[in-house]
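Before any comments, here is the structure.
Just so you know, ligand 1 is whichever comes first in the structure, and atom 1 is the first atom listed for that ligand. Side chains are part of it too, since the values below use all heavy atoms of this structure and drop only hydrogens, waters and symmetry mates.
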Amino acid sequence: MTADNTTTQASSVHGTWTKRWTFVLAASGSAVGLGNIWKFPYITGENGGSAFVLIYLVCILAIGIPIMIAETLLGRRGRKNPIHTMRDMVTASNASGFWHVIGIMGTLTGILILSYYSVIAGWALAYIPKLAGGEFSGATGALANSIFGGEQGFLSQYGTLIFWHSLFTIVTVYVVAQGIEAGLERAVRFLMPALMILLLILLVYSALEGAFAKGAAFLFTFDISKLSWNSALTALGHAFFTLSIGMCAIMAYGAYMPKQDSITKTITVIAVMDTGIALVAGLVIFPLVFAHGLEPSAGPGLMFISLPLAFGHITGGQLFGALFFTLVAFAAWTSAISLLEPGVAWLIERFGFSRRKAALTLGASAWVLGLGSVFSFNIWQHYKFAGMFTVFDGLDFLTSNIMLPLGGLLIAIFAGWVMKPEMVDDELRMESPWLRSAWWFALRYISPTAVAVVFVLGVYDKFAG
Ligand code: PFF
């Protein structure tokens, strides 16, 4: 990677991205992934719908966007891997060494998320040949259900799950080993528009053939009685997960962002697009769920049951279905790369690893850990920690609901209270004084308070409620 004259200040050892659009593409590639299309609909279903959606939207706006801006500015200011960036920011602010925890915990969180993320992305890969082969042509809800979760169904075949999990890990490691600019940019440039077009086609289908009014009402009719602190914590955690914040992925990418780009504008556009994609995915899935008598609370399998069912009834569904799952796998791929990148950049800068060796080491670690998630859906499904978590559930809860909110909280406090405000302002250069005050207020007061309250009450509700 080299810097040209449109992108001055290439002081990261990994280079500054040469084309103006690369940060936007890479950051949106990181944000848009399984979180939007797979996770958002299924956790919305599990948490009763609209009230959950409302909290999620509030979390994105009042907490997610302000923290995402802060995380990006830390990265661009530091221009190193997150662990070293935080070390430099701490030194520059004369702050306590405690704050190093942001980089260390974030980097670790990435590997933990990657372990199960690649298992689910493997499901998407496996569904490409299933759809192309017409396994769902004319299927009923019951059939789609049993192909996925039946006694002899897809989830029970752990050898197959391991195969696809391995394949996905290998392609992720491959791209990261190449240096992320090489493959990423082309992938994202084609992926985003294609994914949006296909989602819109599905939206039309779901509006015509699904129980659209019922699906939309499930998502948007606010019903306060469905609220619990645990759901609020899940919504908060998901806001972090879907924006790729709280674990330094966006910080790592921020290190490659050209100095003259506006962080505020760029981040707002990415967050709005990310949220839009999740809402459309919900509007596609729930009308189909209701039209076919499926359970909205079906859990992680929701997308793998409802969408193949729809494709089974669309003309050209074999082709479109295979294409759709290909795009989901691509979206997951560009996110997985950003889960691995902070740790890889750190191994390179700290221990002088080659990119290849660093990517292989961390990829292999995540792969081994991922086996625990594979087995959570079959041979280990009855082993539950604390009576409620399989390995998959436990890792998901620990990362999304504990580590990401904690990471986000620490980032908000660090950028809002510990760092010198002149440094922050210098990096952001917000033109509108109104916007600048709103951002400072959200970062200093709203985000830390809201995260702390939801976190404490949510965890209490989960374990004691
Ligand atoms: N944002 C990704 C998604 O919605 O699928 C997942 C993710 C990527 C989370 C990178 C965290 C992260 F750092």
Under the salt bridge (Lys or Arg N to Asp or Glu O under 4.0 Å) rule, collect the residues that match up with D461, sequence neighbours excluded.
none
Got a sec, which residues hit salt bridge (Lys or Arg N to Asp or Glu O under 4.0 Å) with K462, two or more places apart in sequence or on another chain?
none
Less than 4.0 Å from some atom of ligand 1, heavy atoms are found in residues S30, A31, G33, L34, G35, N36, Y117, F241, T242, S244, M247, A249, S335, S338, L339
Any pair with a residue in residues 294-311 that passes side-chain hydrogen bond (donor to acceptor under 3.5 Å, both in side chains), sequence neighbours left out, goes on the list, sorted by first then second residue, please.
none
Do T390 and D393 have side-chain atoms, one donor and one acceptor, less than 3.5 Å apart?
yes
Could you tell me if S166 and W367 have a donor-acceptor pair between their side chains, going purely by distance under 3.5 Å?
yes
Salt-bridge contact D396-K39 (side-chain N to carboxylate O under 4.0 Å)
yes
